[in-house]
Amino acid sequence: MRNTSSFPIYKNQPTIPSEENPIKKISDNCNIASGHKHQNPRKVYIETYGCQMNVSDSELMSGILTQAGHRTVNDIDAADVILLNTCAIRENAETRVINRLEHLNHRKRRDPNLIIGVCGCMAQHLRQKLIDAAPYVDIMMGPDAYRDLPMALNAVVSGDPFLGLQLDKTEDYADIAPIRKEGIRAWLTIQRGCDKMCTFCIVPFVRGRERSIPLKLLTDDVKRLVEEGFKEIVLLGQTVNSYHDGKHDFGDLLWRISEVDGIERVRFTSPHPADATDSMIDAMQNSPKVCKQLHLPLQSGSTPVLERMRRTYTAEEYTELVLKIRDRIPQIALSTDVIVGFCGETEEDFEQTYQLMSDIKFDSAFMFKYSDREGTLANKMLKDDIPEKDKARRLNEIITLQEQISSEINQNTIKSVVPVLVEGDSRRDSEQYHGKSDTFKTTVFPKENANIGDIVNVKVHSATAHTLIGEIVN
Ligand code: 5AD
């Protein structure tokens with residue numbers, strides 16, 4: 001159920017420059033920049049907001065900058081360039097960045113050579129508004145323009161802000177080697193952009209059209225990641241399971257990645273229920289490397305609300321899908337996303353969401369109040385008419401419900417043995433390790449003789465809504 005042609009994504013969207021709202025093109029800065037070579041190696045600090053895709057994009061930015069001779073640093077005080085990689089999904093994500101920028105501007109007043117850049121979805125979303133709100137920002141760059149970061153660093157010397165805000169439906173950065181933090185879990189972007197047209201969502205407007213990276217390149221990446229010591233790969237995409245490179249679908253990709261020698265675990269986020277094909281479910285059921293964990297965004301339990309959201313499934317279809325997946329993979333852990341207070345959501349609609357969450361019993365959930373985003377279809381066509389106090393109450397009700405459910409589900413794991421990939425020291429106690437179970441539950445246990453990167457069997461002794469606590473058994 002891909003939605004590739006029914007909506008003109010590149011028309012009337014805020015990311016396209018127009019006569020009324022002109023945006024300087026990258027090439028306008030080219031007379032200042034001499035090609036892509038740096039004139040002045042910089043120390044760049046990247047601060048990441050929002051989703052895992054942004055974390056992965058920051059790794060990409062780090063790769064691009066390093067290749068050009070710059071250096072990324074972990075100490076913000078040592079940096080002469082600060083890039084905020086931002087999120088536009090809800091209003092509070094943007095408010096946080098505006099506040100952060102005001103703080104950074106204090107430093108820039110003391111140190112006028114400091115370069116401040118706003119990258120990612122918020123730059124793409126706000127464009128001129130952000131320049132007006134924070135005229136001291138030197139670089140504004142959307143998710144498809146990161147190749148121009150080195151050029152931007154050279155260009156800002158002139159004092160003009162550098163704007164890289166074109167979307168590019170062919171940009172997949174497949175040839176760029178991201179620089180990742182060492183660890184056991186690597187995030188691998190397999191697809192960029194989004195062709196779904198959920199009415200509440202800003203993503204298609206700030207990340208452009210969906211494009212998949214060819215399977216062969218991805219399997220080569222995974223081989224390299226294994227050589228670097230990674231044990232677990234998390235495949236990333238906005239609707240990750242609509243992956244198709246022209247020859248291979250998402251199920252094929254899951255199989256091929258999980259067959260790479262040395263890979264212990266494969267996960268993915270976030271799929272769309274409409275693309276949960278048998279090919280995907282078969283790979284999850286039958287590949288021992290694909291984890292028995294699925295994040296399946298519900299958004300609402302009311303069919304009329306789902307229709308207004310253009311989610312392309314009904315509440316009944318979602319429930320049937322969950323039953324089918326649980327039937328094939330009984331041990332699967334399910335998590336979800338839910339929005340309350342979407343345009344026109346009645347008490348009855350909300351109760352249906354509450355009821356569906358009680359019936360399905362997700363292992364965990366990310367729950368949000370609807371946030372009206374300029375540029376989305378809902379913003380144009382529907383009224384954000386649910387009072388803030390009702391949104392807040394509904395959110396609290398489902399949070400309380402979900403806490404009870406998560407706690408009950410985790411309590412039920414007590415006395416069972418779960419396989420855990422050891423990630424590192426527990427934050428609270430250096431005598432203990434933490435890691436994730438196959439079902440993606442944080443698990444804490446005494447170190448014994450285990451090493452980071454091992455998969456150990458942990459017998460669960462106690463549990464909270466968010467953590468399993470136990471000890472290694474043989
Ligand atoms: N308001 C509130 N939540 C939103 N999400 C996406 N757009 C909005 C919005 N405008 C939530 C959805 C999505 C998750 C990543 O963020 O639940 O699945």
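Just follow the structure's listing: the first ligand is 1, and inside any ligand the first atom is 1. All values reported here derive from a predicted model rather than from experimental measurement. Computation of the quantities below employed the complete heavy-atom set of this structure, encompassing side-chain atoms and omitting hydrogens, waters and symmetry-equivalent molecules.
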**Asked** Any salt bridge (Lys or Arg N to Asp or Glu O under 4.0 Å) pairs touching residues 282-296, not counting sequence neighbours?
**Response**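 Found Asp282-Arg328.
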**Asked** Quick one: ring-ring contact (aromatic ring centres under 6.0 Å, His included) partners of Phe200, sequence neighbours excluded?
**Response**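 Expected list: none.
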**Prompt:** Near ligand 1, which protein residues have a heavy atom under 4.0 Å away?
**Reply:**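 Heavy-atom contacts below 4.0 Å: Ile89, Arg90, Phe200, Gln299, Asp337, Ile339, Phe368, Lys369, Tyr370, Ser371, Arg373.
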**Request:** Identify the residue among Leu334, Leu356, Asp337, Thr319 that makes a side chain to side chain contact (heavy atoms under 4.5 Å, CB included) with Leu298.
**Result:**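 Of all the options given, the one that passes is Leu356.
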I'd like a table of donor-acceptor pairs (distance under 3.5 Å, sequence neighbours excluded) in which one partner is a side-chain atom from residues 232-240, with atom names and distances.
| unit_1 | atom_1 | unit_2 | atom_2 | d |
| --- | --- | --- | --- | --- |
| Glu232 | OE2 | Arg185 | NE | 2.6 |
| Glu232 | OE2 | Arg267 | NE | 2.9 |
| Thr239 | OG1 | Ser242 | OG | 2.9 |

**Prompt:** Are Tyr243 and His248 an aromatic pair by the rule of ring centers under 6.0 Å?
**Reply:**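 No.
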**Prompt:** Is the charged tip of Lys380 near the ring of Phe205: under 6.0 Å from the six-membered ring centre and within 45° of its axis?
**Reply:**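 Judged by the rule (NZ or CZ under 6.0 Å from the ring centre, within 45° of its axis), Lys380 counts as positioned above Phe205.
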